[in-house]
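In the text below, chain A, chain B and the rest are named by the order of the sequence lines, each starting its count at 1.
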Amino acid sequence: MTARSICSLSRALKAVWSDRLALSAAARVHGAASCNQRHKSTYTSIPPPARYGGRHTVTLIPGDGIGPELANHVRELFRFCCVPVDFEVANVDSSLASEDDINNAIMAIRRNGVALKGNIETNHNLPPSYKSRNNLLRTTLDLYANVMHCQSLPGVRTRHKNIDILIIRENTEGEYSSLEHENVPGVVECLKIITRPKSLRIADYAFRTARERGRRRVTAVHKANIMKLADGLFLECCKEVASGYPEIAFDSMIVDNTTMQLVSRPQQFDVMVMPNLYGNVVSNVCAGLVGGPGLVPGANYGEDYALFETGTRNTGKSIANRNIANPTAMLLASCLLLDHLKLHAYASMIRRAIISTVTEARLHTADLGGQGSTSEVVQSIMKAIQSTGPMTLSI
Amino acid sequence: MAAPSAVLSMSKIIKPFWGGRLQHAAKVFGPSVTSYREKSSHTPPPAKYGGRHTVTLIPGDGIGPELLNHVREVFRFSCVPVDFEVVHVNSALDTLDDINNAITAIRRNGVALKGNIETNHTMPPSVKSRNNLLRTSLDLYANVMHCQSLPGVQTRHKNIDIMIIRENTEGEYSSLEHESVSGVVESLKIITRNNSLRIADYAFRLARDKGRRRVTAVHKANIMKLGDGLFLQCCKEVAAGYPDITFDSMIVDNTTMQLVSKPEQFDVMVMPNLYGNVVSNVCAGLVGGPGLVPGANYGRDYAVFETATRNTGKSIADRNIANPTAMLLASCMMLDHLKLYDYASLIRNAVLTTMNETRLHTADIGGQGTTLEVVQSVMRIIQSKGQLTAEL
């Protein structure tokens, strides 16, 4: 759809304009006007070409903590529903200092175009030269947009109701540049980088997504009263992009006020766009508001690749292998994956089954205040799918 | 607190030998030194003439001027021996004269009460935030905010009692930014060993003085390994000197998520500047909003009191609907700092009693009272206590 045409247009224009301006300028100029004859698709990028005999290949990175067991449940479910997806497993061992593992995983993702991952633990005791594996993945593959959709689910009891917030977070720069140095002993400087091209790119992504999903308002979250140049630049880029989308209201809010409003009146927010660190905090606050880390899926989109995981990226070491983790987030992430691969029928089927299971209080896992186990929840989802009729394997 | 005053005098003696490394003195002598000064958080300032203290008052913008007028009214009514020296700071000018006058006044008086000064986004980046300038020039390194659930206010979470100690001078608020290449901005976040040790020490001393059990350091050291790693390390070092207090750490994203689901688990929290900003606003939202929580900024020699979430409140200015509770409680904290404990408890009790009469809530907590009604109720309660007051 729009994104696709932008991609092809920008590739054509790339030769004419420099790299930095192509994407954003082309998007700004052509975004509103172009249309596409391809079938209905989402706001995401072109589906990967790794498709043999009608079956997709997706890289699977189990990660640490609850990652492996949840990834297994996803595979079970997909096999049960006869989803035409094969998983290529790439294990990443977080305790090794060499980067071979993560490089293999990155190569696999480049090959397949799509991945599903659990969170890889970052050991605090290793020296600072050892970068966070998750971060390395995101920056190497340039997965610049982290999208998290926080919605109040019907069966989950929370203090706040009717929340429907789409959080779009810049995923590659900002405070997570991993550029730190100690010029003078005892004084550490951390660099927070904000660049014009990336800010324009993420703002454009936010507005395009808002438009495609029929959203009314985009709020930029910043701290420009203190970080005048950095967040000032981010805010300016958002305003520039906003002028190209007159039907969408744009406003901005300082991050401290945003978090305070989120805990008192979260219903006022629609779509939010922000740099990396504020995105981290705000998405965790929103995840807490709708019921916790076990419920919200997250997606990381780049120009050519897409990576799906749980929204709050928890390793869950303390609940690993005890059959009490909540599989909802990971399963909903796999539905986002199926939507990305344009397997919409399978995605809706699994999503409906998950929502109906979450509504049943007796099947809530410990994090939602219930006593169900992970396998019970997955079994219930499979039963719900079987009862809707399409071809499935035996339970 | 006993320890700091003794530490201060000790460090002044040792200073020539150890240079500026005061923290080491604090670490070695901290837990064991006693002092004969009365319980207090700091040496009271010397601006005391004829038994009356002089306090700098900076009205600020938005709701600041009207709330501070109410504070003055209440003080005059209760015959509090405090005189205010008013210093105006005009946020629309870009010269630094106003704020420098204010800083000089605070240096002279030692204590200040302020409203928030607006930072205009449209002015060039060379115009620094006046509030930030104040904090860094006076080296007010510790921002302390005590979030407590008030019985009369209806909130979604109950039984919250969190003490937030936030580093106030460095971190992400260094205002050091530059654009080396056009379109690429680098913003420096500075974490230093000295300041981290200092704030960690302040946090543990405060926790001990208030009888708290647990201190949690909030950080993002998995990503900012050197920066927040240094902060965490300093906290651990200081924690070793306080074996009666448990110390743990939590990553900021997990912290904010826990705060919205189970805030009762937190006791004392210490963190660098930006996380402190976010976490304190989340906690303020949890206990009822920005109109209820007072904040204090402590330095070695000065103290500045204000509302905790530092809102200007431009949209509700001069409409008689702002909530005066935060500013009145901040003035009580100031009185505690000046060792005028009786007056402080008197006013604080009156404010809390008013809070529990539900119909006297202002709009931000769901009521329909006006600012004036709340203040008059406070004054009536003070009068009913029987102490000497001016006429109503």
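With rounding to the nearest 0.5 angstrom, the CD atom of A:E180 is 9.0 Å from the NZ atom of B:K225. Between the CD1 atom of A:I226 and the CG atom of B:L274 there is a distance of 9.5 Å, given to the nearest 0.5 Å. The distance from atom CG of B:D253 to atom CG of A:N284, rounded to the nearest 0.5 Å, is 4.0 Å. How far CZ of A:R313 is from CD1 of B:I251: 12.5 Å, rounded to the nearest 0.5 Å. Rounding to the nearest 0.5 Å places CG of A:L179 at 11.5 Å from CE of B:M224. To the nearest 0.5 angstrom, B:S187 atom OG is 11.5 Å from A:L233 atom CG.
A:V255 touches chain B through its side chain: at least one heavy atom from C-beta onward sits under 4.5 Å away, while N, CA, C and O do not. No part of A:L262 comes within reach of chain B, as not one of its non-hydrogen atoms sits under 4.5 angstrom from that chain. Using a 4.5 Å cut-off between heavy atoms, A:L289 touches chain B through backbone and side chain atoms alike. In this structure, the portions of A:P293 lying under 4.5 Å from any heavy atom of chain B include both its backbone and its side chain. Residue contact with chain B, scored on non-hydrogen atoms closer than 4.5 Å, involves the side chain of A:N314 exclusively. For a residue to count as touching a neighbouring chain, one of its non-hydrogen atoms must lie under 4.5 Å from one of that chain's; by this rule A:Y278 touches chain B with the side chain only. Residue A:E175 touches chain B through both its backbone and its side chain, counting heavy-atom pairs closer than 4.5 Å.
Taking chain A as the reference chain and counting heavy-atom pairs below 4.5 Å, the highest number among B:E179, B:Q258, B:K262, B:H157 is found for B:H157. Counting heavy-atom pairs under 4.5 Å between each of A:K223, A:H181, A:K228 and chain B puts A:K228 at the top. Interface remark: of the candidates A:S199, A:G186, A:S132, A:P185, A:G186 forms the most heavy-atom pairs closer than 4.5 Å to chain B. Per-residue counts of heavy-atom pairs under 4.5 Å with chain A were compared for B:T155, B:V127, B:T192; the largest is that of B:T192. Ranked by heavy-atom pairs under 4.5 Å with chain A, the list B:N131, B:L230, B:N277, B:V279 is led by B:N277. Note: A:L191 leads A:L191, A:N135, A:T122 in heavy-atom pairs under 4.5 Å with chain B. For the options A:T195, A:T259, A:L229, A:V263, heavy-atom pairs under 4.5 Å to chain B are most numerous at A:L229. Heavy-atom pairs under 4.5 Å with chain A were tallied for B:D228, B:I191, B:V282; the largest tally goes to B:I191.
Between B:S129 and A:N225 there is no side-chain heavy-atom pair separated by less than 4.5 Å. Residues B:N311 and A:M260 have side chains in contact (heavy-atom distance under 4.5 Å, counting atoms from C-beta outward).
More than 12 heavy atoms of other shown residues, nucleotides or ligands fall within 6.0 angstrom of atom CG in B:D248. Remark: B:R156 CZ is packed, more than 12 non-hydrogen atoms of other residues, nucleotides or ligands lying under 6.0 Å away. More than 12 heavy atoms of other residues, nucleotides or ligands sit less than 6.0 Å from atom CG of A:N183. Counting non-hydrogen atoms of neighbouring residues, nucleotides and ligands closer than 6.0 angstrom, the NZ atom of B:K314 reaches no more than 12 such neighbours. Within a 6.0 Å radius of CD in A:Q268, more than 12 heavy atoms belonging to other residues, nucleotides or ligands are found. Atom CZ of A:R159 has more than 12 heavy atoms from other residues, nucleotides or ligands within 6.0 Å.
For the side chain to side chain contact (heavy atoms under 4.5 Å, CB included) test, residues two or more places apart in sequence or in another chain that qualify with B:I316 are B:I63, B:I321, B:A322. Listed by chain and number, the residues in a side chain to side chain donor-acceptor pair (under 3.5 Å) with B:T362 are B:N323, B:D364 (sequence neighbours excluded).
Panel note: side chain B:E186, backbone A:I193; no donor-acceptor pair is recorded below 3.5 Å. A donor-acceptor pair under 3.5 Å is absent between the side-chain atoms of A:R196 and the main chain of B:V185, judged by distance alone. Side-chain N or O atoms of B:R193 include none that pairs as donor or acceptor with a backbone N or O of A:V188 at under 3.5 Å. Of the possible donor and acceptor atoms, none in the side chain of A:E189 sits under 3.5 Å from a partner among the backbone N and O of B:L188.
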